[in-house]
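What you see below is based on every heavy atom in this structure, not just the backbone, and it leaves out hydrogens, waters and symmetry mates.
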Amino acid sequence: VAFFAVHLNEEKLMAWLKQKVEQTASQLKASSVNVSSGAYAATYVKSSKATRSSLKDYCRYAAGLVSSYLSEDLTAKLHEEYGIAAVPEKLDTPSDEPSAKRAKMDDDADGSVTDYRIYNTPHPAAGKKVVKMTAAQKKLGKADKSGMKSLSSFFGKGKK
């Protein structure tokens, strides 16, 4: 078995990637794909004059498509080639900092301050839900139960 090694030529790689980006951009333009930064509904019809995108916009969009298949370092080089600024990723970690909003306070006539946060806390009895019984359920509740076995007696431990 022979060992075959290849040396990566970055200039040729970047030229090939640039060619792929330009091919993708021309195909996007031919397909009239919207590459603007805003969102729009597919059923909304706008005048074609307002939606004109430049070749640079199509190249930026195509570079984003092509870079989704590349490693991070090649993506950075490709974006640098087209002058696309790197977008920092947002972290979805909750912050330990308190909210920037201030508590709603109101000055009374005597100078005391009212804290309205107490009105937003649930009442301890609010956790219990009131079950509304239908007329049939109320009638069954009032029925004479003497001489009836409870339902749980049928599921008790069996005799051995």
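- Considering only residues two or more places apart in sequence or on other chains, S152 meets the side-chain hydrogen bond (donor to acceptor under 3.5 Å, both in side chains) condition with S150.
- Linking ILVMFWY residues whenever their side-chain heavy atoms come closer than 4.5 Å, directly or via other members, leaves Y82 and L55 in distinct clusters.
- In this structure, the side chains of T75 and V66 stay at 4.5 Å or more apart for every pair of heavy atoms.
- E22 places no side-chain N or O within 3.5 Å of a backbone atom of Q19 that could act as its donor or acceptor partner.
- Listed by chain and residue number, nothing satisfies the side-chain hydrogen bond (donor to acceptor under 3.5 Å, both in side chains) test with N9 (two or more places apart in sequence, or in another chain).
- Residues forming a side-chain contact (heavy atoms from CB on, under 4.5 Å) with L74 (at least two apart in sequence, or on another chain): L13, L70, S71.
- For the side-chain contact (heavy atoms from CB on, under 4.5 Å) test, residues two or more places apart in sequence or in another chain that qualify with A25 are Y58, C59, A62.
- In this structure, Y69 shares a hydrophobic cluster with no other residue, the cluster being traced through Ile, Leu, Val, Met, Phe, Trp and Tyr side chains under 4.5 angstrom apart.
- Residue-environment remark: CD (E11) stays at or below the threshold of 12 foreign heavy atoms within 6.0 Å.
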Report the C-alpha separation of R60 and V35 in whole Å, then their side-chain angles, then the decisive distance to 0.1 Å, and conclude whether the side chain to side chain contact (heavy atoms under 4.5 Å, CB included) test is met.
CA-CA 9 Å; R60 284 175 171 241; V35 294; over 6 Å; no

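- K149 meets the side-chain contact (heavy atoms from CB on, under 4.5 Å) test with S153, F154; sequence neighbours excluded.
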Worked check of side chain to side chain contact (heavy atoms under 4.5 Å, CB included) between L78 and I84
CA-CA 8 Å; L78 186 64; I84 301 171; over 6 Å; no

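- Remark: S67 pairs with H79 by the side-chain hydrogen bond (donor to acceptor under 3.5 Å, both in side chains) rule, at least two apart or across chains.
- Pairs engaging residues 73-85 under the salt bridge (Lys or Arg N to Asp or Glu O under 4.0 Å) rule: E10-K77, K18-E81 [sequence neighbours left out].
- Atom CG in L140 sits 8.0 Å away from atom CE in M133 (nearest 0.5 Å).
- Both W16 and L8 are members of a single hydrophobic cluster when ILVMFWY side chains are connected at heavy-atom separations under 4.5 Å.
- Here the closest non-hydrogen pair linking F155 and L151 is CD1-O, 3.4 Å.
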